[in-house]
Student: 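Following this message is one structure expressed as structure tokens.
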Amino acid sequence: MESSSVKFLVIGSGIAGLNFALSASKYGNVLLITKKRLIDSATAKAQGGIAAVLDPNDSFASHIKDTLVAGHFKNKKSAVEYLVKNAPRAIARLESLGMKFDKKARREGGHSFFRVAHAGDNTGAIVEKTLIKAVSKNPDIEIREHTKAIKIIKKNGQAIGIIAHDEQKNCTYEIRAKAVILATGGIGQKFKNTTNPKISEGDGIDMASSAGASLKDMQYIQFHPTVLFAPKKPRFLLTETLRGEGAKIINENHEQFLKKYHPLAELAPRDIICNAMWKEEKKGHHFFLDFTHKDSKKTKKDFPYIYKNLKKYGFDLTKDSIPIAPAQHYLCGGIAVDLSGRTSIPGLYAYGETARTGVHGANRLASNSLLEGLVFTMDIPKELR
Ligand code: FAD
Ligand code: SIN
């Protein structure tokens, strides 16, 4: 295959890559490549939703404080403020593309308010489909599926393109671009137990690091406490919004032990819950998520995706306590970027989970990740306009 040249080369078709492609298409031609199908992304697996201050009784100050507290104040404050203050605009953008959120917001761990905008209990799939629809009908965006970026090409210290591999034609070729955009997602597949899909292999971070880009906060790996843990079953996530609606974490003796560790108990930030579970595990305990005290009709209506999948794996959310354990979920660090997504290499930009903007600090607040992928890709860096 021959080499090609574009203004924007976007690598990845999750929320960050798709939304960047839409924003960039106003300023030049975009080529978006993705290593599997467009839909294959962590974004499409997201359950809980997108955090945003949309209720007049809530406030930016509260969302900012919750983000900083969850992040143990290791966050970059200017990035947190930018994230939170642009959240309503990001939600409005999705709505303008046809996304419909449920009327009542939900709550997740670490949030002082019901501020998680959601569409049922598989919000990510609907966000992903909404963005794919918009990108697919945009004449200035070319899409190449099954095309994997394998190396960044540099000239005089600047990123000028990549080497790509077409997995169906089994050929390797160069793509030159004015701006190379990494939106390749997380690193979950580097762990034995993860909620992440197969595509989350850390490719963008590996390529950027090999090209000499700075990485930051790579030690801040987030684990999610409520992941299905049963022999021969996948590590299926049980959304934190279940706890927002009253789900309990109990041990084999039906003891709700989290109150010993944090006054918010089930609604404490994730790292605190995971640490509590590890301490209890050392004492020989194991854990279950229990939602059986809730009205079963309402459970099936409010959490149809979780209910259906658990049934497939042999559990009934309305009748059984579900065996759980923490699993790797998210990388808070990544490729160091400024508020416009610029990396330390001119011409190379990074967005979404692969980037480290500083918004998450040492531990991400629930539902701030889809938000980050949206907010930081709404405005294109000045030099690229
Ligand atoms: P992704 O959505 O992972 O997309 C990465 C893309 O890059 C994919 O298309 C992939 O195929 C492509 N790619 C990777 N490497 C290459 C390569 N070498 N060449 C070409 N293409 C490549 N966050 C929230 O805020 N709210 C939630 O409710 C929520 N729930 C979650 C539930 C689950 C089960 C999981 C796993 C995560 C959840 N998260 C949630 C986190 C959030 O979904 C992710 O952090 C976010 O979707 C990342 O978006 P992204 O665009 O950066 O990456
Ligand atoms: C969940 O729904 O529990 C995941 C939310 C997130 O990762 O922010």
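Only a predicted model underlies this, so the values are computations on that prediction, with no experimental measurement involved.
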Student: Decide whether Thr239 and Arg106 meet the rule of one side-chain donor and one side-chain acceptor closer than 3.5 Å.
Tutor: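 Short answer, no.
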Student: Given 3.5 Å as the limit, does a donor-acceptor pair link the side chain of Arg270 with the main chain of Ala268, or not?
Tutor: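 Judged by distance alone, no pair lies under 3.5 Å.
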Student: Can you measure from NZ (Lys169) to NE2 (His146) and round to the nearest 0.5 angstrom?
Tutor: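 Taking NZ in Lys169 and NE2 in His146, the distance rounds to 11.5 Å.
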Student: What pair of heavy atoms forms the shortest contact from Ala46 to Leu370, and how long is it?
Tutor: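 Minimum heavy-atom contact is CB-CD1, 3.7 Å.
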Student: Do Tyr173 and Asp166 have side-chain heavy atoms sitting under 4.5 Å apart?
Tutor: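 Yes, close enough: below the 4.5 Å cut-off.
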Student: Compare all side-chain heavy atoms of Asp140 with those of Asn29 and state whether any distance is below 4.5 angstrom.
Tutor: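 Not in contact.
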Student: Return yes if some donor-acceptor pair links the side-chain N/O of Asn251 with the main-chain N/O of Asn253 below 3.5 Å, else return no.
Tutor: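 A pair under 3.5 Å: yes.
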Student: Is the number of heavy atoms from other residues, nucleotides or ligands within 6.0 Å of NZ (Lys154) greater than 12?
Tutor: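 Result for NZ/Lys154: enclosed.
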Student: Considering only NZ, NE, NH1 and NH2 on the basic side and carboxylate oxygens on the acidic side, decide whether Lys104 and Asp302 come within less than 4.0 Å.
Tutor: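 The answer is no: the pair does not qualify as a salt bridge.
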Student: Would the Phe257 and Phe287 ring centres measure less than 6.0 Å apart?
Tutor: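 Yes, ring centres under 6.0 Å apart.
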Student: Flag the pair Asp217 and Lys74 as a salt bridge only when some basic side-chain nitrogen lies within less than 4.0 angstrom of an acidic carboxylate oxygen.
Tutor: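 Between Lys74 and Asp217 there is no salt bridge, as every charged N stays at least 4.0 Å from the carboxylate O atoms.
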Student: According to the interplanar angle, ranging from 0 to 90°, do the rings of Tyr349 and Tyr351 count as parallel (below 30°), tilted (30 to 60°) or perpendicular (above 60°)?
Tutor: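 Correct class here is parallel.
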Student: Does a donor on one side chain and an acceptor on the other come within less than 3.5 Å for Asn19 and Thr377?
Tutor: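 Judged by distance alone, the side chains do pair up.
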Student: Do NZ/NE/NH1/NH2 and the carboxylate oxygens of Lys298 and Asp295 come within less than 4.0 Å?
Tutor: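 Salt bridge: no.
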Student: Classify the ring geometry of Phe376 against Tyr82: parallel below 30°, tilted from 30° to 60°, perpendicular beyond 60°.
Tutor: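 Ring orientation, 0 to 90° scale: tilted.
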Student: Determine whether Ile345 and Leu182 fall in the same hydrophobic cluster, where Ile, Leu, Val, Met, Phe, Trp and Tyr are linked whenever their side-chain heavy atoms lie under 4.5 Å apart.
Tutor: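 Yes.
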Student: Out of curiosity, Ile11 CD1 to Ile152 CD1, how far, rounded to the nearest 0.5 Å?
Tutor: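 Ile11 CD1 to Ile152 CD1: 6.5 Å, rounded to 0.5 Å.
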Student: Identify whether Ile143 and Phe20 are in the same connected component of the hydrophobic contact network (ILVMFWY, side-chain heavy atoms under 4.5 Å).
Tutor: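 They do share one cluster, since a chain of ILVMFWY contacts under 4.5 Å joins Ile143 to Phe20.
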Student: Does Asn122 use its side chain to pair, donor to acceptor, with the backbone of Ala125 at less than 3.5 Å?
Tutor: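 No: the side chain of Asn122 does not pair with the backbone of Ala125.
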Student: Side-chain contact, heavy-atom cut-off 4.5 Å: Ser321 with Ile250?
Tutor: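 When only atoms from C-beta onward are counted, Ile250 and Ser321 do touch, with a gap below 4.5 Å.
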Student: Is a side-chain donor-acceptor pair under 3.5 Å present for His63 with Asn368?
Tutor: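 Short answer, yes.
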Student: For Ser41 versus Gly14, what's the shortest heavy-atom pair and its separation?
Tutor: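 Looking at all heavy atoms of both residues, the shortest contact is CB-CA, 3.9 Å.
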Student: Answer yes if the side chains of Ser13 and Thr34 hold a donor-acceptor pair under 3.5 Å, and no otherwise.
Tutor: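 The answer is yes; a qualifying pair exists.
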Student: What about Phe229 and His286, are their ring centers closer than 6.0 Å?
Tutor: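 When the ring centroids of Phe229 and His286 are compared, they turn out to be at least 6.0 Å apart.
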Student: Can you confirm whether more than 12 heavy atoms, excluding those of Lys7, are under 6.0 Å from its NZ atom?
Tutor: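 Yes, enclosed.
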Student: Kindly indicate whether the side chain of Lys26, heavy atoms from C-beta on, has any atom under 4.5 Å from the side chain of Ile380.
Tutor: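 No; the side chains remain at least 4.5 Å from each other.
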Student: I'd like to know if the side chain of Ser214 reaches the main chain of Ala336, judged simply by a donor and an acceptor atom lying under 3.5 Å from each other, with no hydrogens or angles considered.
Tutor: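 A pair under 3.5 Å: no.
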Student: If I take atom CD1 from residue Ile306 and atom CG from residue Leu317, how far apart are they, to the nearest 0.5 angstrom?
Tutor: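 Going from the CD1 atom of Ile306 to the CG atom of Leu317 covers 7.5 Å.
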Student: Do Ile162 and Ile33 have side chains that approach each other closer than 4.5 Å (heavy atoms only, starting at C-beta)?
Tutor: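 Sidechains of Ile33 and Ile162: in contact.
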Student: Would Leu365 end up clustered with Ile50 when hydrophobic side chains under 4.5 Å apart are linked, directly or stepwise?
Tutor: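 Shared cluster, no.
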Student: Using modelled atom types and a 3.5 Å cut-off, is there a donor and acceptor pairing between side-chain atoms of Ser200 and backbone atoms of Gly188?
Tutor: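 It does not hold such a pair.
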Student: Would you find more than 12 non-hydrogen atoms of other residues, nucleotides or ligands less than 6.0 Å from Lys192 atom NZ?
Tutor: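 12 or below, so no.
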Student: Indicate yes or no: does Glu280 engage Lys260 in a salt bridge with an N to O separation below 4.0 Å.
Tutor: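 Salt bridge present between Glu280 and Lys260.
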Student: I need the Asn196 CG to Leu331 CG distance, nearest 0.5 Å.
Tutor: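 Answer rounded to 0.5 Å: 9.5 Å.
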Student: With heavy-atom distances below 4.5 Å as the criterion, would you say the side chains of Tyr307 and Asp121 are in contact?
Tutor: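 Counting from C-beta outward, Tyr307 and Asp121 never come under 4.5 Å.
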Student: Establish, from distance only, whether the side-chain atoms of Glu145 and Gln168 form a donor-acceptor pair under 3.5 Å.
Tutor: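 Short answer, no.
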Student: I'd like to know if the side chain of His262 and the backbone of Leu264 have a donor-acceptor N/O pair within less than 3.5 Å.
Tutor: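 Side chain of His262 to backbone of Leu264, a donor-acceptor pair under 3.5 Å: yes, one is there.
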Student: Are Gln222 and Asn363 close enough that a side-chain donor and a side-chain acceptor fall under 3.5 Å?
Tutor: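 A donor-acceptor contact under 3.5 Å links the two side chains.
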Student: What is the ring orientation for His329 with His224, classed by angle as parallel under 30°, tilted 30 to 60°, or perpendicular over 60°?
Tutor: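 His329 vs His224 ring planes: perpendicular.
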Student: Quick one: do Phe60 and Leu68 end up in the same hydrophobic cluster if we chain Ile, Leu, Val, Met, Phe, Trp and Tyr together by side-chain heavy atoms under 4.5 Å apart?
Tutor: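 Yes; Leu68 is reachable from Phe60 via cluster members.
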Student: Do Thr123 and His118 get their side chains close enough for a donor-acceptor pair, meaning under 3.5 Å?
Tutor: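 There is no such pair between these side chains.
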Student: Between Asp58 (side chain) and Asp55 (backbone), is there a donor-acceptor pair under 3.5 Å?
Tutor: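 It does not hold such a pair.
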Student: I need the Glu266 CD to Gln256 CD distance, nearest 0.5 Å.
Tutor: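 One finds 4.5 Å between CD of Glu266 and CD of Gln256.
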Student: Can you tell me how far CG of Leu31 sits from CD1 of Ile181, rounded to the nearest 0.5 angstrom?
Tutor: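 So the gap between those two atoms works out to 11.5 Å.
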Student: Starting from Ile15, can I reach Val359 by hopping between I/L/V/M/F/W/Y residues whose side chains sit under 4.5 Å apart?
Tutor: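 Yes, one cluster joins them.
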Student: Is Ile187 close to Gln328 at the side-chain level, that is, under 4.5 Å between some pair of heavy atoms?
Tutor: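 Of all side-chain heavy-atom pairs linking Ile187 with Gln328, at least one is under 4.5 Å.
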Student: Does a donor on one side chain sit under 3.5 Å from an acceptor on the other, for Ser23 and Arg93?
Tutor: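 Note: Ser23 and Arg93 side chains meet the donor-acceptor criterion.
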Student: Side chains of His360 and Glu372 only: does a donor on one sit below 3.5 Å from an acceptor on the other?
Tutor: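 Present: a donor and an acceptor within the cut-off.
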Student: Heavy atoms only: give me the nearest Phe114-Ala105 pair and the separation to one decimal.
Tutor: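 Here Phe114 and Ala105 meet closest at O-CB, 3.3 Å.
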Student: Are any non-hydrogen side-chain atoms of Arg385 and Asp379 less than 4.5 angstrom apart?
Tutor: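 Result yes, sub-4.5 Å side-chain heavy-atom pair found.
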Student: The criterion is salt bridge (charged side-chain N to carboxylate O under 4.0 Å, His left out); which residues satisfy it with Lys36, sequence neighbours excluded?
Tutor: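 Partners of Lys36 by the salt bridge (charged side-chain N to carboxylate O under 4.0 Å, His left out) criterion, ordered by chain and then number, come out as Glu167.
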Student: Would you check if the side chain of Glu201 reaches a backbone N or O of Gln189 as a donor-acceptor pair within less than 3.5 Å?
Tutor: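 No.
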Student: When you measure from the side chain of Asn86 to the backbone N and O of Val375, does any donor-acceptor pair fall under 3.5 Å?
Tutor: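 Side chain of Asn86 to backbone of Val375, a donor-acceptor pair under 3.5 Å: no, none is there.
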Student: Is there a donor-acceptor contact under 3.5 Å linking the side chains of Asp203 and Thr184?
Tutor: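 Per modelled atom types, Asp203 and Thr184 side chains form no pair under 3.5 Å.
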